[in-house]
Structure formats: structure tokens, C-alpha cells
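Worksheet: the structure to be examined is printed underneath.
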Amino acid sequence: MLVSRGNGGAAALEPVDGAEVTLVVDNFVDLLMAGGEGVQRYLAHDFGDREQLIAEHGFAALLTVDRGGTRSSLLYDAGLTPAALGRNLDVLGVAVKDLRAIVISHGHADHHGGLEGLFRRYGRCSLPLVIHPEAWRERRLVFPTGAELRLPPPSRADLEREGLELVEERGQTLLLDAAVLVSGQVERSTPFEQGFPIHYARSGGDWKPDPVIVDQNVIVNVKGKGLVIVSGCSHAGAVNVLRNAQRLTGEQRIAGFIGGFHLTGGLFEPIIEPTVEAFSLAQVGRVLPAHCTGWKAVHTLARAMPAAFVQPAVGTTVSF
């Protein structure tokens with residue numbers, strides 16, 4: 001099921017007949033939003049039911065692939081809190097015991113913090129969990145005001161105690177019988193995506209600048225349509241993520257891009273325009289700018305790519 005690869009050329013990613021991506025955790029929820037062709041929204045049936053979908057500052061997605069009539073699923077990221085991930089998986093009716101793998105994009109808590117919710121509800125999970133070796137480091141943000149935000153890493157001991165098989169890989173990894181490619185560290189080539197200057201990592205007893213955050217994504221190649229990319233925060237830059245997927249697979253068509261663009265806040269808003277321009281030129285079929293994309297970037301993408309844009313919300317499923 002798992003085949004690890006180094007940072008080489010085109011990866012041996014097997015095409016699939018179809019793919020679905022469901023947003024399990026995101027910053028936004030709207031239970032009255034309309035769906036559309038290839039876009040299914042979660043339909044609430046009773047607002048008297050206390051178990052409803054909730055949003056939080058985090059990201060998690062369920063990726064399901066269909067090949068030859070066989071469907072297989074993995075969980076990509078786990079949101080910030082156990083409450084959100086556990087509840088939303090329940091409300092959405094996700095069969096956690098049928099998951100075949102978990103992938104963590106990077107070590108920030110809003111992408112791994114909810115894993116405890118799996119264990120509380122479903123017990124030990126004997127699954128492979130793909131994670132980059134850099135994810136274990138303690139990190140923080142230091143804002144120009146002097147305020148700090150702690151970003152605790154996942155606990156290796158806790159994950160192993162829950163029965164997970166930790167697969168640490170800097171390069172690419174193939175999952176679900178080579179139907180899903182985990183990108184590993186993203187190659188950076190654009191001149192305007194320069195990382196996170198207020199990001200620091202603990203090294204020994206000191207805090208040192210850590211602007212280059214390793215944030216891996218997952219990639220599927222749908223027959224006749226092209227690549228579907230799911231990216232947690234795109235800390236390497238969303239355009240770099242897109243082009244890296246093309247380089248790794250040799251496929252230039254992008255059927256869909258789902259996840260965070262990390263264009264929120266004054267540090268990143270200046271690169272909204274070149275990012276949107278690159279996505280428009282790439283003719284991305286579906287764009288769901290979730291999580292950390294930011295209000296201005298979301299609306300810029302919606303205006304520039306009206307046919308491709310889909311408003312993300314917890315419970316939304318996009319089919320390819």
C-alpha cells in the first residue's frame with residue numbers, strides 16, 4: 001500500500017476513475033448553501049439536533065478515490081481540536097474504520113490537533129500516518145506587535161500509543177495502491193512566494209527564523225480530467241504547489257485545487273494578484289480556497305475565476 005520515493009522525476013501515480021474531496025474541518029460553515037454540478041452540500045435535517053457541523057480555524061479533508069469500482073479513502077489533516085474533527089466525522093457519517101491512511105500536511109496544530117478526536121471516539125487506529133520529519137519541531141509566530149502564537153507539534157509518543165504506523169518521508173509517498181501521491185517537500189520556483197518571515201522554530205534551546213515551512217499536499221490524477229490537489233496551507237506558495245504537482249506527475253491539466261492558499265494578512269496580501277493570475281493561466285477546473293486563504297484572496301479568486309470558483313464550507317463534497 002505504501003511506496004516511498006525520493007525527490008526524483010515524474011512519480012508513478014496511477015490514474016483513477018473518479019475522486020471526491022469532502023471538507024471535514026474548515027474555517028467556514030453554511031448549512032443553507034446551495035450545491036451545483038459536481039458540488040454537494042451537507043443538508044441538515046433538524047436544527048434541534050445538538051450534533052451539528054462546526055467550523056474552526058483548522059483544516060481536514062476526506063479524499064476518496066474510485067478505481068475499477070473500488071472506493072478507498074484517506075484523511076488529510078485533522079483540524080485544530082478533537083471536538084471539531086470528532087463531531088464532524090460523526091455528523092458526516094464517515095466510516096473511520098474504513099480509512100486506509102492518514103496524511104498530515106505539516107506540524108502546525110490547526111492541522112494535527114484534532115487527531116485525538118479520532119482516538120476518543122473510535123479507539124486505536126492501526127493505520128499508516130504519513131508525516132514529514134520536520135513536523136515534530138516546536139514552532140511559534142512572532143508578530144510585529146511583539147505578540148506570540150505558540151504552534152505545538154504533534155506528539156510522536158501519543159500517535160504511536162494509539163497504534164498508528166508513522167511513515168516519515170521527506171520525499172514523495174504513494175498511497176492507496178499508487179492512486180494518491182503525497183508530495184513531500186514542495187519545490188519552490190516562483191520569485192514572489194518567499195515563505196513566512198515571522199515564523200520561528202526551536203533549535204536546541206534557541207528560537208531561530210524558520211520562514212521555509214514544509215507543507216506537503218496530496219495529488220490524484222483523474223482519467224480524462226487531470227490532477228486534483230488538496231493542500232493544507234500551501235506554505236510553499238499555492239503556485240509552487242500547483243507547479244510542483246505538474247512536475248512530479250508530468251500531467252499539466254489541473255482539475256481541482258482544494259485547500260488553503262495562505263494569503264491572509266498584510267504579509268501575504270501583496271501576492272494575491274500574481275497568485276490569482278497564475279491560477280487563471282493554468283485554467284484550473286475547480287478552485288476551493290479554504291482555511292487560511294483570507295477574505296480578500298477568496299473574493300479576488302471568485303471574481304477572476306467565476307466558473308471555477310466554489311465557496312468552501314464544512315460538509316461540502318466536490319466530485320471529479
Side-chain angles (χ1 to χ4, degrees), residues 1-8 11-14 16 19 21-22 24-25 58-65 67 70-82 85-86 88-90 94-139 152-186 213-220 230-233 248 259:
M1 182 169 128
L2 282 169
V3 181
S4 297
R5 297 174 54 92
N7 285 315
L13 178 64
E14 296 291 335
V16 300
V21 180
T22 299
V24 179
V25 177
F59 186 78
L62 180 73
L63 172 60
T64 301
V65 297
R67 187 164 57 180
T70 300
R71 290 166 60 86
S72 304
S73 299
L74 62 77
L75 181 68
Y76 174 75
D77 280 351
L80 176 61
T81 67
L85 181 69
N88 289 352
L89 287 171
D90 282 352
V94 175
V96 172
K97 294 296 186 181
D98 293 337
L99 293 176
R100 292 186 60 190
I102 300 172
V103 179
I104 298 298
S105 63
H106 60 300
H108 289 171
D110 51 335
H111 295 264
H112 69 77
L115 282 174
E116 186 181 342
L118 282 180
F119 313 139
R120 286 181 185 174
R121 278 175 151 80
Y122 306 105
R124 289 168 57 87
C125 296
S126 301
L127 293 171
L129 183 145
V130 180
I131 190 167
H132 194 280
E134 288 291 316
W136 307 112
R137 300 179 67 189
E138 186 178 358
R139 292 177 164 86
S155 166
R156 181 194 300 270
D158 287 350
L159 296 177
E160 290 178 338
R161 190 178 303 117
E162 297 300 342
L164 293 168
E165 174 195 348
L166 300 184
V167 181
E168 296 183 60
E169 179 60 51
R170 293 184 181 275
Q172 297 86 53
T173 306
L174 287 163
L175 293 171
L176 307 190
D177 305 312
V180 178
L181 174 66
V182 183
S183 70
Q185 188 162 350
V186 173
I213 304 169
V214 176
D215 181 11
Q216 55 189 4
N217 50 83
V218 290
I219 306 159
V220 173
V230 187
S231 183
C233 270
L248 289 177

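The first residue of the sequence shown is numbered 1, and numbering continues consecutively from there. These values consider heavy atoms only, across backbone and side chains, with no hydrogens, waters or symmetry-generated copies.
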Is the distance between the ring centroids of His132 and His106 under 6.0 Å?
no

Could you tell me whether the side chain of [X] and the main chain of [Y] form a donor-acceptor pair under 3.5 Å?
X	Y	result
Ser183	Val218	no
Tyr76	Gly232	yes
Arg161	Arg156	no
His111	Gly79	no
Lys97	Cys125	no
Glu162	Leu164	no
Asn88	Val24	yes

Is the shortest distance from a Lys or Arg side-chain nitrogen in Asp98 or Arg71 to a carboxylate oxygen in the other one below 4.0 Å?
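A salt bridge is absent here (no side-chain N lies under 4.0 Å from a carboxylate O).
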
Straight-line distance of [X] [atom1] to [Y] [atom2], nearest 0.5 Å:
X	Y	atom1	atom2	result
Leu176	Glu14	CG	CD	12.5 Å
Leu74	Thr64	CG	OG1	8.0 Å
Leu166	Ile104	CG	CD1	10.5 Å
Leu115	Asp77	CG	CG	9.0 Å
Glu165	Glu160	CD	CD	10.5 Å

Restricting to non-hydrogen atoms, name the atom on Ala135 and the atom on Pro154 that form the minimum distance, rounded to 0.1 Å.
O-CD, 3.4 Å

Please report the shortest heavy-atom distance between Glu138 and Pro153, naming the atom on each side.
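Smallest interatomic distance, heavy atoms only, reads CA-CD, 3.9 Å.
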
Which one of Leu75, Val182, Val167, Leu63 satisfies the side chain to side chain contact (heavy atoms under 4.5 Å, CB included) criterion with Val103?
Val182

If the test is side chain to side chain contact (heavy atoms under 4.5 Å, CB included), which one of Ile131, Val230, Asp215, Val214 qualifies with Ser105?
Asp215

Take Leu85 and Leu118, measure what side chain to side chain contact (heavy atoms under 4.5 Å, CB included) needs, and give me the verdict at the end.
CA-CA 7 Å; Leu85 181 69; Leu118 282 180; 4.0 Å; yes

